[in-house]
Amino acid sequence: MIRAALTPLVLPLAPPAAAGACVRPIDGPGERMTEGRWTTVAVATVVEVESRAPDRPNRAFEAAFETTRQVEGWPQTGRYRLWHEERTECPIVLPLPAEGEPWVLYFQGRTDAGGLVHSAWPLSWAERLDPRFGGRPDADISDLDPPRR
């Protein structure tokens with residue numbers, strides 16, 4: 001009688017794959033604020049925020065802003081919206097806006113009231129990173145307030 005030897009098969013387990021690295025580094029807020037493509041920059045107050053990601057509220061949200069001050073470019077007055085959703089392994093770090101908080105809105109071309117803002121960041125970030133507000137675009141991301149989660 002032939003007996004089959006039962007030998008446990010042991011395979012080394014590979015460590016879990018690290019999150020996919022970015023193909024290219026995403027420009028930080030300072031680099032994006034100082035890009036030459038902005039035709040208008042305005043300060044606004046957050047008037048409404050709705051998150052679509054309960055586990056991490058700053059991952060996907062829509063916010064409404066009321067402009068309060070023109071800084072550069074075309075006059076943009078009224079209420080504007082920002083739609084934000086992180087969809088990649090290399091997300092654009094953006095804190096969840098808080099009602100009443102001042103933010104800076106960056107427009108490409110003229111946008112009618114009620115329209116979407118291309119980019120927006122807290123005024124406290126712009127003051128550290130955007131030369132229009134006395135900031136330096138080469139400031140390190142660690143100089144910024146951490147995103148609220």
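The shown structure was predicted, so the numbers you read here are calculated from the model rather than taken from an experiment.
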Restricting to side chain to side chain contact (heavy atoms under 4.5 Å, CB included), what partner residues turn up for [X], sequence neighbours left out?
X	result
Glu85	Arg52, Ala60, Trp83, Arg87
Ala42	Thr67, Gln70, Phe107
Arg81	Glu62, Leu116

Shortest non-hydrogen contact from [X] toward [Y]:
X	Y	result
Val117	Ala120	CG1-CB, 4.3 Å
Leu96	Ser51	CD1-CB, 4.5 Å
Pro122	Pro95	CG-CG, 3.6 Å
Pro97	Val49	O-CG2, 3.4 Å
Ser119	Trp38	OG-CH2, 3.5 Å
Ala98	Val46	O-CB, 3.3 Å

List for me each residue that meets side chain to side chain donor-acceptor pair (under 3.5 Å) alongside Gln108, sequence neighbours excluded, and say none if there are none. His118
With sequence neighbours left out, the residues meeting side chain to side chain donor-acceptor pair (under 3.5 Å) with Glu48 are none
For Phe61, what residues pass the ring pair (Phe, Tyr, Trp, His ring centres under 6.0 Å) criterion, not counting sequence neighbours? His84
List for me each residue that meets ring pair (Phe, Tyr, Trp, His ring centres under 6.0 Å) alongside Phe65, sequence neighbours excluded, and say none if there are none. Trp103
Look at the side chain of [X] and the backbone N and O of [Y], then say whether any donor-acceptor pair between them is shorter than 3.5 Å.
X	Y	value
Thr68	Val43	yes
Tyr80	Thr111	yes
Asp130	Gly135	no

Starting at CG of Leu123, measure out to CZ of Arg69 and round the result to the nearest 0.5 Å. 7.0 Å
How many angstroms lie between atom CH2 of Trp121 and atom CG of Leu105, to the nearest 0.5 angstrom? 10.5 Å
Going through the checks in order, is the side chain to side chain contact (heavy atoms under 4.5 Å, CB included) test met by Val104 and Trp125? CA-CA 9 Å; Val104 179; Trp125 287 24; over 6 Å; no
Looking at residues at least two apart in the chain, or sitting in another chain, which of them share a salt bridge (Lys or Arg N to Asp or Glu O under 4.0 Å) with Arg79? Glu66
Among all residues two or more places apart in sequence or in another chain, which pass the salt bridge (Lys or Arg N to Asp or Glu O under 4.0 Å) test with Glu99? none
Hydrophobic cluster mates of Trp74, side-chain heavy atoms under 4.5 angstrom, ILVMFWY only, any path? none
